[in-house]
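So the structure is just underneath, and the comments pick up after that.
Reckoned from all heavy atoms, side chains included, excluding hydrogens, waters and symmetry mates. Read the numbers this way: they start at 1 and go in the same order the structure lists the ligands and their atoms.
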Amino acid sequence: MAVQVNTFDQLRDATAALASDSDAHFLGGGTLLVRQLFAGKLGAPTLIRCSDRGLREIRASASRVFIGAGVTMAEVAAHGDLAYLHVAAKSIGGPAVRNMATVGGNLFAPYPHGDFAVALLALDATVAVQSGYSPRDIPLESFLESRQSDRRSVVVGVTFRRPDGAGALRFLKATRTRTQGPSVLTIAAYLPQSGRRLSSPRVAYGAMAATAMRAKAVEAALNGKSLDEAGIADALAVAGQGCTPQSDPIVSEWYRKEVLPVHLKQLLLG
Ligand SMILES: Cc1cc2nc3c(=O)[nH]c(=O)nc-3n(C[C@H](O)[C@H](O)[C@H](O)COP(=O)(O)OP(=O)(O)OC[C@H]3O[C@@H](n4cnc5c(N)ncnc54)[C@H](O)[C@@H]3O)c2cc1C
(Lines give C-alpha, C1' and ligand atoms only; values in the text may rest on other atoms or scores of the structure.)
Protein backbone atom coordinates (compact mmCIF):
# COMPACT_ATOMS: atom_id res chain seq x y z
CA MET A 1 0.00 0.00 0.00
CA ALA A 2 1.66 3.21 -1.16
CA VAL A 3 0.40 6.28 0.63
CA GLN A 4 1.52 9.73 -0.36
CA VAL A 5 1.22 12.52 2.20
CA ASN A 6 1.44 16.05 0.79
CA THR A 7 1.69 18.94 3.22
CA PHE A 8 0.86 22.50 2.20
CA ASP A 9 1.49 25.74 4.11
CA GLN A 10 -1.28 27.60 2.37
CA LEU A 11 -4.93 26.68 2.34
CA ARG A 12 -5.35 27.64 -1.30
CA ASP A 13 -2.64 25.17 -2.34
CA ALA A 14 -4.21 22.40 -0.25
CA THR A 15 -7.64 23.01 -1.78
CA ALA A 16 -6.17 23.04 -5.28
CA ALA A 17 -4.41 19.73 -4.61
CA LEU A 18 -7.59 18.17 -3.22
CA ALA A 19 -9.62 19.36 -6.21
CA SER A 20 -7.16 17.98 -8.75
CA ASP A 21 -6.84 14.41 -7.43
CA SER A 22 -9.90 12.19 -7.11
CA ASP A 23 -7.97 9.77 -4.85
CA ALA A 24 -6.96 12.52 -2.43
CA HIS A 25 -8.36 12.86 1.10
CA PHE A 26 -7.97 15.81 3.42
CA LEU A 27 -6.33 14.73 6.66
CA GLY A 28 -7.55 16.31 9.88
CA GLY A 29 -6.43 14.58 13.09
CA GLY A 30 -6.67 11.23 11.32
CA THR A 31 -8.63 9.42 14.06
CA LEU A 32 -11.10 8.17 11.45
CA LEU A 33 -9.19 8.51 8.21
CA VAL A 34 -6.07 6.63 9.31
CA ARG A 35 -8.22 3.80 10.65
CA GLN A 36 -9.91 3.55 7.25
CA LEU A 37 -6.50 3.56 5.63
CA PHE A 38 -5.20 0.71 7.79
CA ALA A 39 -8.40 -1.22 7.16
CA GLY A 40 -7.58 -1.07 3.44
CA LYS A 41 -10.70 0.96 2.63
CA LEU A 42 -8.94 3.83 0.87
CA GLY A 43 -6.77 2.00 -1.63
CA ALA A 44 -3.55 3.92 -2.28
CA PRO A 45 -4.61 7.48 -1.58
CA THR A 46 -2.94 10.82 -1.40
CA LEU A 47 -3.44 12.45 1.97
CA ILE A 48 -3.52 16.24 1.95
CA ARG A 49 -2.31 18.00 5.08
CA CYS A 50 -2.42 21.74 5.61
CA SER A 51 -0.45 23.73 8.17
CA ASP A 52 -2.16 27.06 7.41
CA ARG A 53 -2.49 28.91 10.71
CA GLY A 54 -6.05 29.92 9.93
CA LEU A 55 -7.18 26.33 10.41
CA ARG A 56 -5.87 26.34 14.00
CA GLU A 57 -7.37 29.67 15.08
CA ILE A 58 -9.98 30.32 17.73
CA ARG A 59 -11.40 33.86 17.60
CA ALA A 60 -13.97 34.67 20.26
CA SER A 61 -15.31 38.23 20.29
CA ALA A 62 -18.21 39.54 22.38
CA SER A 63 -20.71 38.52 19.74
CA ARG A 64 -19.17 36.05 17.25
CA VAL A 65 -16.99 32.97 17.60
CA PHE A 66 -14.82 31.31 14.94
CA ILE A 67 -13.22 27.91 15.52
CA GLY A 68 -10.79 26.69 12.87
CA ALA A 69 -11.38 23.24 11.43
CA GLY A 70 -7.97 22.04 12.63
CA VAL A 71 -8.63 22.91 16.28
CA THR A 72 -8.70 19.75 18.38
CA MET A 73 -11.27 18.71 20.96
CA ALA A 74 -8.58 18.99 23.65
CA GLU A 75 -7.94 22.61 22.60
CA VAL A 76 -11.65 23.45 22.72
CA ALA A 77 -11.94 21.80 26.15
CA ALA A 78 -9.03 23.90 27.45
CA HIS A 79 -10.11 27.26 26.01
CA GLY A 80 -11.37 29.75 28.58
CA ASP A 81 -13.70 31.54 26.15
CA LEU A 82 -15.45 28.33 25.05
CA ALA A 83 -16.70 27.09 28.44
CA TYR A 84 -20.18 26.34 27.03
CA LEU A 85 -18.55 23.83 24.62
CA HIS A 86 -16.34 22.05 27.16
CA VAL A 87 -18.85 19.30 27.97
CA ALA A 88 -19.35 18.54 24.27
CA ALA A 89 -15.61 18.47 23.52
CA LYS A 90 -14.87 16.28 26.55
CA SER A 91 -17.57 13.80 25.52
CA ILE A 92 -15.53 12.72 22.48
CA GLY A 93 -13.42 9.59 22.91
CA GLY A 94 -10.65 9.40 25.50
CA PRO A 95 -7.74 11.83 25.99
CA ALA A 96 -5.67 10.36 23.14
CA VAL A 97 -8.52 10.74 20.66
CA ARG A 98 -9.32 14.27 21.87
CA ASN A 99 -5.70 15.32 21.36
CA MET A 100 -6.00 14.48 17.66
CA ALA A 101 -9.71 14.72 16.78
CA THR A 102 -10.53 17.99 15.05
CA VAL A 103 -13.64 20.12 14.81
CA GLY A 104 -13.57 19.82 11.00
CA GLY A 105 -13.28 16.04 11.10
CA ASN A 106 -16.20 15.78 13.48
CA LEU A 107 -18.50 17.28 10.83
CA PHE A 108 -17.76 14.19 8.69
CA ALA A 109 -17.90 11.58 11.46
CA PRO A 110 -20.20 8.68 10.55
CA TYR A 111 -23.13 7.48 12.63
CA PRO A 112 -23.36 7.42 15.66
CA HIS A 113 -20.43 9.85 15.97
CA GLY A 114 -20.48 13.57 15.34
CA ASP A 115 -21.24 14.69 18.89
CA PHE A 116 -19.53 18.07 18.57
CA ALA A 117 -21.57 18.79 15.44
CA VAL A 118 -24.71 18.38 17.57
CA ALA A 119 -23.61 21.24 19.84
CA LEU A 120 -22.71 23.36 16.81
CA LEU A 121 -26.12 22.71 15.26
CA ALA A 122 -27.85 23.94 18.42
CA LEU A 123 -25.67 27.07 18.16
CA ASP A 124 -26.85 27.63 14.56
CA ALA A 125 -23.28 27.46 13.25
CA THR A 126 -22.26 28.12 9.67
CA VAL A 127 -19.44 26.20 8.01
CA ALA A 128 -16.75 28.07 6.07
CA VAL A 129 -15.77 25.90 3.12
CA GLN A 130 -13.15 26.47 0.44
CA SER A 131 -12.93 24.75 -2.90
CA GLY A 132 -10.29 25.99 -5.32
CA TYR A 133 -9.95 29.69 -4.59
CA SER A 134 -13.59 30.35 -3.70
CA PRO A 135 -14.66 30.43 -0.05
CA ARG A 136 -18.31 30.14 0.94
CA ASP A 137 -20.39 29.88 4.11
CA ILE A 138 -22.99 27.15 4.43
CA PRO A 139 -25.48 26.67 7.29
CA LEU A 140 -24.35 23.57 9.20
CA GLU A 141 -27.71 21.88 8.65
CA SER A 142 -27.31 22.12 4.85
CA PHE A 143 -23.66 21.14 5.08
CA LEU A 144 -24.53 17.91 6.91
CA GLU A 145 -27.13 17.02 4.28
CA SER A 146 -24.65 17.35 1.42
CA ARG A 147 -21.36 16.40 3.09
CA GLN A 148 -20.97 13.14 1.19
CA SER A 149 -21.44 14.69 -2.23
CA ASP A 150 -18.77 17.39 -1.86
CA ARG A 151 -15.50 15.73 -0.82
CA ARG A 152 -13.34 18.10 -2.91
CA SER A 153 -13.72 21.06 -0.52
CA VAL A 154 -11.81 21.89 2.63
CA VAL A 155 -13.69 22.98 5.72
CA VAL A 156 -11.92 26.06 7.04
CA GLY A 157 -13.87 26.50 10.27
CA VAL A 158 -17.20 27.13 11.93
CA THR A 159 -18.77 30.41 13.03
CA PHE A 160 -21.66 31.09 15.38
CA ARG A 161 -23.13 33.79 17.60
CA ARG A 162 -21.73 33.57 21.08
CA PRO A 163 -24.51 32.13 23.30
CA ASP A 164 -25.97 34.44 25.96
CA GLY A 165 -25.20 33.25 29.45
CA ALA A 166 -22.87 30.44 30.48
CA GLY A 167 -25.67 27.88 30.97
CA ALA A 168 -27.66 28.77 27.85
CA LEU A 169 -26.22 25.81 25.90
CA ARG A 170 -26.99 22.44 27.46
CA PHE A 171 -25.44 19.20 26.27
CA LEU A 172 -26.15 15.60 27.15
CA LYS A 173 -24.62 12.43 25.73
CA ALA A 174 -25.96 9.04 26.78
CA THR A 175 -23.59 6.10 26.42
CA ARG A 176 -23.57 2.43 27.44
CA THR A 177 -20.03 2.54 28.79
CA ARG A 178 -18.70 4.25 31.89
CA THR A 179 -16.08 6.27 30.07
CA GLN A 180 -17.01 8.25 26.99
CA GLY A 181 -18.11 5.78 24.36
CA PRO A 182 -20.15 5.89 21.18
CA SER A 183 -23.39 7.77 21.58
CA VAL A 184 -26.70 6.07 22.38
CA LEU A 185 -28.03 9.53 21.74
CA THR A 186 -26.79 13.08 22.10
CA ILE A 187 -28.85 16.19 22.71
CA ALA A 188 -27.79 19.83 22.65
CA ALA A 189 -30.18 22.66 23.43
CA TYR A 190 -29.68 26.39 23.21
CA LEU A 191 -32.34 27.86 25.46
CA PRO A 192 -32.44 31.68 25.48
CA GLN A 193 -35.19 33.08 27.68
CA SER A 194 -37.10 36.33 27.74
CA GLY A 195 -39.09 37.04 30.92
CA ARG A 196 -38.82 33.37 32.01
CA ARG A 197 -40.21 32.19 28.67
CA LEU A 198 -38.14 30.38 26.08
CA SER A 199 -37.47 32.54 23.07
CA SER A 200 -36.53 30.79 19.79
CA PRO A 201 -34.89 27.75 21.40
CA ARG A 202 -32.77 25.43 19.27
CA VAL A 203 -32.55 21.72 19.94
CA ALA A 204 -30.35 19.22 18.07
CA TYR A 205 -29.96 15.46 18.31
CA GLY A 206 -27.11 13.09 17.52
CA ALA A 207 -27.52 9.37 16.70
CA MET A 208 -31.21 9.94 16.00
CA ALA A 209 -30.70 10.18 12.22
CA ALA A 210 -27.87 9.55 9.76
CA THR A 211 -26.28 12.86 10.77
CA ALA A 212 -26.87 15.38 13.54
CA MET A 213 -30.38 16.83 13.12
CA ARG A 214 -32.51 19.70 14.38
CA ALA A 215 -35.51 18.71 16.50
CA LYS A 216 -37.81 21.27 14.91
CA ALA A 217 -41.07 19.99 16.41
CA VAL A 218 -39.51 20.19 19.87
CA GLU A 219 -38.25 23.71 19.21
CA ALA A 220 -41.73 24.84 18.11
CA ALA A 221 -43.38 23.21 21.13
CA LEU A 222 -40.92 24.89 23.54
CA ASN A 223 -41.09 28.37 22.05
CA GLY A 224 -42.78 30.78 24.46
CA LYS A 225 -43.05 28.17 27.20
CA SER A 226 -41.47 28.07 30.64
CA LEU A 227 -38.80 25.53 31.54
CA ASP A 228 -40.88 23.43 33.93
CA GLU A 229 -42.87 20.18 33.85
CA ALA A 230 -45.96 21.82 32.36
CA GLY A 231 -44.01 23.97 29.91
CA ILE A 232 -42.09 21.08 28.37
CA ALA A 233 -44.94 18.53 28.20
CA ASP A 234 -45.83 19.28 24.57
CA ALA A 235 -42.17 19.12 23.56
CA LEU A 236 -41.73 15.68 25.14
CA ALA A 237 -44.82 14.44 23.27
CA VAL A 238 -43.19 15.28 19.92
CA ALA A 239 -39.61 14.42 20.91
CA GLY A 240 -39.27 11.61 18.35
CA GLN A 241 -40.78 13.46 15.39
CA GLY A 242 -38.55 13.24 12.31
CA CYS A 243 -36.11 10.83 13.97
CA THR A 244 -34.73 7.87 12.01
CA PRO A 245 -32.20 6.25 14.37
CA GLN A 246 -30.32 3.09 13.45
CA SER A 247 -29.62 -0.17 15.26
CA ASP A 248 -25.94 -0.84 15.85
CA PRO A 249 -23.82 -2.97 18.19
CA ILE A 250 -24.45 -0.45 20.97
CA VAL A 251 -28.26 -0.34 21.05
CA SER A 252 -31.29 -0.88 18.88
CA GLU A 253 -33.24 1.74 17.00
CA TRP A 254 -36.20 0.94 19.28
CA TYR A 255 -34.17 1.65 22.42
CA ARG A 256 -32.96 4.98 21.09
CA LYS A 257 -36.54 6.09 20.42
CA GLU A 258 -37.74 4.85 23.82
CA VAL A 259 -35.14 6.69 25.88
CA LEU A 260 -35.12 9.93 23.88
CA PRO A 261 -37.96 11.67 25.82
CA VAL A 262 -36.43 10.57 29.12
CA HIS A 263 -33.10 12.19 28.31
CA LEU A 264 -34.73 15.24 26.75
CA LYS A 265 -36.69 15.83 29.94
CA GLN A 266 -33.54 15.44 32.02
CA LEU A 267 -31.70 17.95 29.85
CA LEU A 268 -34.49 20.53 29.81
CA LEU A 269 -35.22 20.42 33.53
CA GLY A 270 -31.52 20.36 34.39
C1 LIG B 1 -11.56 5.35 19.78
C2 LIG B 1 -12.39 6.41 19.11
C3 LIG B 1 -13.42 7.02 19.83
C4 LIG B 1 -14.20 8.00 19.23
N5 LIG B 1 -15.20 8.58 19.96
C6 LIG B 1 -15.95 9.56 19.38
C7 LIG B 1 -17.00 10.17 20.13
O8 LIG B 1 -17.25 9.84 21.30
N9 LIG B 1 -17.74 11.12 19.51
C10 LIG B 1 -17.51 11.52 18.22
O11 LIG B 1 -18.20 12.40 17.73
N12 LIG B 1 -16.52 10.95 17.50
C13 LIG B 1 -15.75 9.98 18.04
N14 LIG B 1 -14.76 9.39 17.31
C15 LIG B 1 -14.61 9.76 15.90
C16 LIG B 1 -13.57 10.87 15.64
O17 LIG B 1 -12.46 10.76 16.49
C18 LIG B 1 -14.11 12.29 15.79
O19 LIG B 1 -15.37 12.41 15.19
C20 LIG B 1 -13.15 13.36 15.25
O21 LIG B 1 -13.64 14.64 15.53
C22 LIG B 1 -12.84 13.21 13.76
O23 LIG B 1 -11.88 14.21 13.46
P24 LIG B 1 -10.46 13.90 12.77
O25 LIG B 1 -9.76 15.21 12.69
O26 LIG B 1 -9.73 12.83 13.47
O27 LIG B 1 -10.94 13.40 11.34
P28 LIG B 1 -10.07 12.63 10.23
O29 LIG B 1 -9.97 11.22 10.61
O30 LIG B 1 -8.81 13.36 9.94
O31 LIG B 1 -11.05 12.81 8.99
C32 LIG B 1 -12.35 12.27 8.98
C33 LIG B 1 -13.01 12.68 7.66
O34 LIG B 1 -13.21 14.08 7.64
C35 LIG B 1 -12.52 14.66 6.52
N36 LIG B 1 -11.97 15.93 7.00
C37 LIG B 1 -11.31 16.15 8.15
N38 LIG B 1 -11.03 17.46 8.30
C39 LIG B 1 -11.49 18.06 7.18
C40 LIG B 1 -11.49 19.42 6.70
N41 LIG B 1 -10.97 20.43 7.42
N42 LIG B 1 -12.04 19.66 5.50
C43 LIG B 1 -12.57 18.67 4.76
N44 LIG B 1 -12.61 17.37 5.15
C45 LIG B 1 -12.07 17.09 6.34
C46 LIG B 1 -11.45 13.66 6.14
O47 LIG B 1 -11.08 13.77 4.78
C48 LIG B 1 -12.15 12.35 6.45
O49 LIG B 1 -13.00 12.00 5.39
C50 LIG B 1 -13.95 8.40 17.88
C51 LIG B 1 -12.91 7.79 17.17
C52 LIG B 1 -12.14 6.83 17.76
C53 LIG B 1 -11.01 6.21 16.98
Among all protein non-hydrogen atoms, which one is nearest to [atom], and what is the separation to 0.1 Å?
atom                    : answer
atom 27 (O) of ligand 1 : Gly105 CA, 3.5 Å
atom 32 (C) of ligand 1 : Leu32 CB, 4.0 Å
atom 21 (O) of ligand 1 : Thr102 O, 3.0 Å
atom 52 (C) of ligand 1 : Val97 CG2, 4.0 Å
atom 40 (C) of ligand 1 : Phe26 CD2, 3.4 Å
atom 16 (C) of ligand 1 : Thr31 OG1, 3.3 Å
atom 11 (O) of ligand 1 : Gly114 N, 2.8 Å
atom 42 (N) of ligand 1 : Val155 N, 2.8 Å

By number and element, which atoms of ligand 1 are closer than 4.0 Å to a non-hydrogen atom of [X]?
X      : result
Gly29  : 24 (P), 25 (O), 26 (O), 30 (O)
Phe108 : 33 (C), 34 (O), 35 (C), 36 (N), 43 (C), 44 (N), 45 (C)
Ala69  : 41 (N)
Gly181 : 8 (O)
Ala109 : 19 (O)
Val154 : 42 (N), 43 (C)

> Quick one: does NZ or CZ of Arg59 land under 6.0 Å from the six-membered ring centre of Phe66, within 45 degrees of the ring axis?
Replying inline: yes
>> Between Arg202 (side chain only) and Leu121 (backbone N and O only), is there a donor and an acceptor less than 3.5 Å apart?
In response: yes
> Under 3.5 Å, is there a donor-acceptor pair between the side chain of Arg214 and the main chain of Ala122?
Replying inline: no
Charged N-O contact under 4.0 Å between [X] and [Y]:
X      : Y      : value
Asp234 : Lys225 : yes
Arg56  : Glu75  : yes
Glu57  : Arg53  : no
Lys216 : Glu141 : yes

>> Pairing donors with acceptors under 3.5 angstrom, does anything connect the side chains of Asp137 and Thr126?
In response: no
> Just checking, any donor-acceptor pair under 3.5 angstrom between side chains of Asp115 and Thr186?
Replying inline: yes
>> With side-chain contact (heavy atoms from CB on, under 4.5 Å) as the criterion, how do Arg64 and Phe160 come out once you've worked through the C-alpha distance, each side chain's angles and the decisive distance to 0.1 Å?
In response: CA-CA 6 Å; Arg64 304 288 298 171; Phe160 52 86; 5.7 Å; no
>> Applying a heavy-atom cut-off of 4.0 Å, say which part of Ser91 lies close to ligand 1: side chain, backbone, both or neither.
In response: backbone
>> With a heavy-atom distance limit of 4.0 Å, tell me whether Lys173 approaches ligand 1 through its side chain, its backbone, both, or neither.
In response: side chain
> At the 4.0 Å heavy-atom cut-off, does Gly206 count as touching ligand 1?
Replying inline: no
>> With a cutoff of 4.0 Å, is Ser153 in contact with ligand 1, counting heavy atoms of the residue only?
In response: yes
>> Can you check which of Gly94, Gly70, Gly30 brings a heavy atom nearest to atom 28 (P) of ligand 1?
In response: Gly30
> Passes side-chain contact (heavy atoms from CB on, under 4.5 Å), His113 versus Ser183? Steps please.
Replying inline: CA-CA 7 Å; His113 291 322; Ser183 174; over 6 Å; no
>> Side-chain heavy atoms nearer than 4.5 Å, only ILVMFWY residues, links allowed to pass through others: does that put Phe26 and Met100 together?
In response: no
> Is the closest N or O pair between Val34 and ligand 1 shorter than 3.5 Å?
Replying inline: no
